[in-house]
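See below for the structure under consideration.
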Amino acid sequence: MPELPEVEITKKTLQKHVVDQTIQDLQIKNRNLRYKIDIEFKNKVVKKKIVNISRRSKYLVFLLSDGNYFIIHLGMSGRLLIANKKQKKFLDTSFYASHPAIKKHNHVYFLFKKKILIYNDTRRFGFIKYYNSKEFLNCQHLINLGVEPLSSECNFAQLSQKIKKYNKSIKNVLMDQTCIAGLGNIYVNEALFLSKIHPERNSLRVDAPELKKLLQAIKDILKKSIRLGGSTIKDFHNSEGKIGSFQNYFKVYGRENEKCTRSRCGGMIKKITIGGRASFFCNICQQ
DNA sequence: TTCTTTGTTCCGGA
DNA sequence: GTCCGGAACAAAGA
């Protein structure tokens with residue numbers, strides 16, 4: 001579930017609580033995430049201070065005081081939660097009350113002086129990987145990623161050149177992390193609706209005005225979602241247990257058989273599968 | 001019981 | 001070699 005806005009929210013919350021804090025201890029309850037956590041991981045990070053947390057696409061990048069790194073990907077259901085060490089409870093206590101089974105999926109605990117950072121992941125599709133400063137430059141997860149959609153490098157001139165290299169549906173191009181990095185199924189569906197482009201249209205047949213519109217839609221949607229704390233479907237919470245509200249503004253995602261929200265369109269939201277993923281679009285205004 | 005859902009990687013066919 | 005589509009992966013709720 002977490003796409004770029006949700007990872008961005010997670011980053012901001014974590015920055016507030018654990019940057020400049022030293023990892024005093026690490027407890028691994030379950031090493032079997034998408035990739036098995038390195039048995040040496042604990043020895044490599046304990047006693048190191050987290051000096052920076054940044055985001056690249058859907059990855060969180062932690063820089064340690066010795067110049068080495070670890071990255072965390074939340075997969076589909078991963079979360080990073082902040083707990084108060086002394087009281088042994090989450091900052092927002094209502095969080096546990098509404099999610100009683102959650103503790104079962106707490107896999108890793110990072111212990112700081114006053115706080116605990118918990119990696120929780122129901123489906124265990126996320127992962128944590130350590131890289132020394134030299135290896136990090138060659139990190140296979142990060143090296144092939146496309147442009148950050150909210151950066152100035154993500155502009156019409158560059159995108160119109162790049163898109164010529166793909167011969168597949170525009171939806172699959174947007175889902176392809178080597179083109180634009182960080183978009184997932186929800187935001188791609190929404191962006192294509194806003195720019196009135198059918199998801200199955202070959203990307204080579206998206207003309208210049210449409211591409212401009214699409215680019216603007218992507219940026220607008222991501223910014224709006226970040227402003228609203230991300231989307232909370234299938235229970236995304238930020239690291240303090242708070243929920244986002246962008247899901248209330250979805251125009252097509254999950255709206256199969258509803259009327260198009262464009263007042264004079266008269267179309268119907270259809271659902272098809274593209275690249276194995278649910279795709280929602282209006283049968284009239286997205287051509 | 002089977003289907004759906006999510007992001008990424010891997011594999012086979014063109 | 002390259003590109004693209006689809007399967008696989010885990011787990012839970014409908």
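Convention: sequence-line order gives letters A, B, ...; per-chain numbering from 1.
- At the heavy-atom level, A:Gly276 lies nowhere under 4.0 Å from the strands shown.
- When the side-chain nitrogen and oxygen atoms of A:Lys271 are compared with OP1 and OP2 of B:dT4, none of them lie within a distance under 4.0 Å.
- Of the candidate nucleotides B:dT8, B:dT9, C:dC4, B:dT8 has the atom lying nearest to any side-chain atom of A:Lys58.
- Between A:Leu4 and A:Leu183, the closest side-chain pair of non-hydrogen atoms is not below 4.5 Å.
- In this structure, a donor-acceptor pair under 3.5 Å is absent between the side chains of A:Asn68 and A:Asn132.
- Residue A:Lys47 places its NZ atom among 12 or fewer non-hydrogen atoms of other residues, nucleotides or ligands, all under 6.0 Å distant.
- Side-chain N/O atoms of A:Asn189 and A:Lys251 include no donor and acceptor closer than 3.5 Å.
- To the nearest angstrom, P of B:dT8 lies 10 Å from CG of A:Leu183.
- When the side-chain nitrogen and oxygen atoms of A:Gln177 are compared with OP1 and OP2 of B:dT8, one or more of them lie within a distance under 4.0 Å.
- Between the CG atom of A:Leu145 and the C1' atom of B:dG7 there is a distance of 12 Å, rounded to whole Å.
- At whole-Å resolution of the value, CG in A:Asn144 and P in B:dT9 are 9 Å apart.
- Note on A:Phe127: nothing from the nucleic acid sits closer than 4.0 angstrom, heavy atoms only.
- Rounded to whole Å, the distance from CG on A:Asp176 to P on C:dG5 is 10 Å.
- If you find the closest nucleotide of DNA chain C to A:Lys165 and to A:Phe125, the one lying nearer the 5' end belongs to A:Lys165.
- Interface remark: the A:Arg277 side chain does not form any donor-acceptor pair with the B:dT5 base, using a distance-only criterion of under 3.5 Å.
- Annotation for A:Lys49: atom NZ does not count as buried by contact number, only 12 or fewer foreign heavy atoms lying within 6.0 Å.
- Counting only N and O atoms by type, the side chains of A:Asp176 and A:Asn172 include no donor and acceptor under 3.5 Å apart.
- The interatomic distance linking A:Asn202 (CG) with C:dC4 (P) rounds to 9 Å, in whole Å.
- Taking the ring centre of A:Phe127 as origin, the terminal cationic atom of A:Lys129 falls inside the region bounded by 6.0 Å and 45° from the ring axis.
- Among the heavy atoms of the strands lying under 4.0 Å from A:Asn172 are primed sugar atoms or P, OP1, OP2 only; no base atom is included.
- When the side-chain nitrogen and oxygen atoms of A:His105 are compared with OP1 and OP2 of C:dA12, one or more of them lie within a distance under 4.0 Å.
- Side-chain contact annotation: A:Tyr166 with A:Thr178, donor-acceptor N/O pair under 3.5 Å present.
- For C:dG5, the OP1/OP2 oxygens have no side-chain nitrogen or oxygen of A:Lys171 closer than 4.0 Å.
- Straight-line distance from the CZ atom of A:Arg79 to the P atom of C:dA10: 20 Å, rounded to whole Å.
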Atom pairs, N/O to N/O, protein against nucleotides 11-14 of chain B, distance under 3.5 Å?
none

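- Distance A:Asn185 CG to B:dT8 P: 12 Å, rounded to the nearest Å.
- A:Met175 has its CE atom 13 Å from the P atom of C:dG5, to the nearest Å.
- Note on A:His73: a side-chain N or O is less than 4.0 Å away from OP1 or OP2 of B:dT8.
- Taking the side chain of A:Tyr253 as heavy atoms from C-beta on, and the options B:dG7, C:dC4, B:dT5, the nearest nucleotide is B:dT5.
- For A:Tyr166, the listed nucleotide lying nearest its side chain is C:dC4; candidates were C:dA12, C:dC4, B:dG7.
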